[in-house]
Amino acid sequence: SGDWSSDVCSSDQLMATMTPNADHVTRVIDMRILIEPEGSVPMPCTLHYSVNDPFAVSATFHSAEGSVTWVFSRELLLAGMHAASGEGDIRVEPMHRTSRSVLRFELSSPSGRAVIEGPLQQVRQFADQTVELLPPGFEWQYLNFDAALSALLDNSPERRTDRPEN
């Protein structure tokens, strides 16, 4: 149990800085990071989805120490609404308790592991908004293959101008 300092924006402050747009969905949700043995600490999370990166969702977790962003597939989030999903670094699972339903994010990295939970209904509303914006199966329409190929070619060893001369 910690006390939020003024360094951390409240959900209302974060929402006030966001503007609706036809090409993305952003939602701030009050989540909690689980602390052993059975406590938790508030951890606001900004969920973001954009048609500019149509297969990905980002989750930025805010704390007094700073913010950290995890990027994962929208497909994982949508599947995790209904059943445990994901392997490796990110797992998503709905948890139904007598008093409430939450969505659990289990995040693993070389520097540690975190378990964060948020209200399932609020995360579902965000997920539904992403589907309304861009239904699954239509993501390819927003991929710019020419720009991606050009970026790859521009960074290829044969075309780089910053390499030493032989």
Side-chain angles (χ1 to χ4, degrees), residues 1-139 142:
S1 62
D3 186 46
W4 284 98
S5 70
S6 60
D7 301 32
V8 178
C9 295
S10 71
S11 295
D12 293 337
Q13 290 170 319
L14 287 169
M15 287 302 284
T17 64
M18 296 176 196
T19 56
N21 198 314
D23 66 352
H24 70 269
V25 176
T26 302
R27 183 174 183 127
V28 177
I29 298 174
D30 289 324
M31 295 194 178
R32 299 191 73 79
I33 185 167
L34 303 184
I35 308 293
E36 306 263 332
E38 295 205 20
S40 66
V41 174
M43 176 154 293
C45 174
T46 304
L47 293 174
H48 182 78
Y49 174 78
S50 172
V51 297
N52 295 323
D53 193 0
F55 291 101
V57 168
S58 68
T60 302
F61 300 98
H62 308 278
S63 74
E65 291 79 36
S67 298
V68 63
T69 299
W70 285 73
V71 178
F72 51 93
S73 76
R74 177 173 70 156
E75 182 180 23
L76 173 65
L77 180 66
L78 295 174
M81 294 286 175
H82 307 286
S85 300
E87 295 178 15
D89 294 348
I90 301 174
R91 291 187 39 81
V92 181
E93 179 178 9
M95 308 290 287
H96 302 286
R97 302 193 175 114
T98 54
S99 62
R100 61 191 169 97
S101 294
V102 297
L103 191 64
R104 174 176 282 191
F105 293 86
E106 294 180 20
L107 310 171
S108 299
S109 75
S111 60
R113 181 175 176 271
V115 178
I116 301 170
E117 294 181 346
L120 179 62
Q121 186 59 33
Q122 290 182 31
V123 180
R124 185 183 317 275
Q125 289 170 348
F126 168 80
D128 289 348
Q129 289 175 319
T130 74
V131 170
E132 288 173 22
L133 181 62
L134 183 60
F138 291 90
E139 295 93 347
Y142 286 85

Undergrad: Just wondering, do V123 and M31 contact through their side chains at under 4.5 Å, heavy atoms?
TA: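 They are in contact (side-chain heavy atoms under 4.5 Å apart), so the answer is yes.
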
Undergrad: State, to 0.1 Å, how close W70 and S108 come at their nearest heavy-atom pair, and which atoms those are.
TA: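 What the structure gives for the nearest pair is CH2-O, 3.2 Å.
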
Undergrad: Check the side chains of H62 and T46 for a donor-acceptor pair under 3.5 angstrom, ignoring hydrogens and angles.
TA: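 Yes, because at least one side-chain N or O of T46 sits under 3.5 Å from a partner of the opposite role on H62.
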
Undergrad: Should H48 and T60 count as side-chain neighbours, where that means a heavy-atom distance under 4.5 Å?
TA: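 H48 does not reach T60 side chain to side chain.
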
Undergrad: In terms of ring plane angle, is the pair F105 and F61 parallel, tilted or perpendicular, where the classes change at 30° and 60°?
TA: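 Ring orientation of F105 relative to F61: perpendicular.
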
Undergrad: Can you measure from CD (Q121) to CG (D128) and round to the nearest 0.5 angstrom?
TA: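 One gets 8.0 Å once the value is rounded to the nearest 0.5 Å.
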
Undergrad: For residues Q125 and R27, is any side-chain donor paired with an opposing acceptor at under 3.5 Å?
TA: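 Present: a donor and an acceptor within the cut-off.
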
Undergrad: Any heavy-atom pair between the side chains of H24 and N52 that's under 4.5 Å?
TA: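 A side-chain contact under 4.5 Å is absent here.
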
Undergrad: Would you mind listing every side chain to side chain donor-acceptor pair (under 3.5 Å) that reaches into residues 81-93, with sequence neighbours excluded?
TA: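 Applying side chain to side chain donor-acceptor pair (under 3.5 Å) to every pair that reaches into residues 81-93, excluding sequence neighbours, yields nothing.
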
Undergrad: How many angstroms lie between atom CD of Q122 and atom CG of D30, to the nearest 0.5 angstrom?
TA: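 One gets 7.0 Å once the value is rounded to the nearest 0.5 Å.
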
Undergrad: Nearest 0.5 Å please: distance from the CG atom of L133 over to the OG atom of S50.
TA: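 The OG atom of S50 is 8.0 Å from CG of L133, to the nearest 0.5 Å.
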
Undergrad: Contact between C45 and I116 at the side-chain level, heavy atoms closer than 4.5 Å - yes or no?
TA: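 A side-chain contact under 4.5 Å is absent here.
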
Undergrad: Quick check: closest heavy atoms across G80 and L103, and the distance to 0.1 Å?
TA: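 Residues G80 and L103, closest heavy atoms: O-CD1, 3.2 Å.
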
Undergrad: Can you find a pair of side-chain heavy atoms, one from V57 and one from L76, that are under 4.5 Å apart?
TA: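 A side-chain contact is absent here, since even the closest heavy-atom pair is not under 4.5 Å.
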
Undergrad: Is there a side-chain contact between L107 and I90 in this structure, where contact means two heavy atoms from C-beta onward sitting under 4.5 Å apart?
TA: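 Yes, side chains in contact.
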
Undergrad: Could you check whether any side-chain N or O of Y49 sits under 3.5 Å from a backbone N or O of S58, counting only pairs where one atom can act as donor and the other as acceptor?
TA: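 No.
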
Undergrad: Atom OG1 in T130, atom CG in L47: separation rounded to 0.5 Å?
TA: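 T130 OG1 to L47 CG: 10.0 Å, rounded to 0.5 Å.
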
Undergrad: Measure the shortest side-chain to side-chain distance between M43 and V41 over non-hydrogen atoms and say whether it is less than 4.5 angstrom.
TA: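 They are not in contact (no side-chain heavy atoms under 4.5 Å apart), so the answer is no.
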
Undergrad: Does a side chain donor of either S63 or E65 reach within less than 3.5 Å of an acceptor in the other side chain?
TA: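 Per modelled atom types, S63 and E65 side chains form a pair under 3.5 Å.
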
Undergrad: Could you pull out all residues at least two apart from R104 that satisfy side-chain hydrogen bond (donor to acceptor under 3.5 Å, both in side chains)?
TA: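 Listed in chain order: E117.
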
Undergrad: Measure the CG-CZ distance between L134 and R74 for me, rounded to the nearest 0.5 Å.
TA: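 So the CG of L134 and the CZ of R74 are separated by 5.0 Å.
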
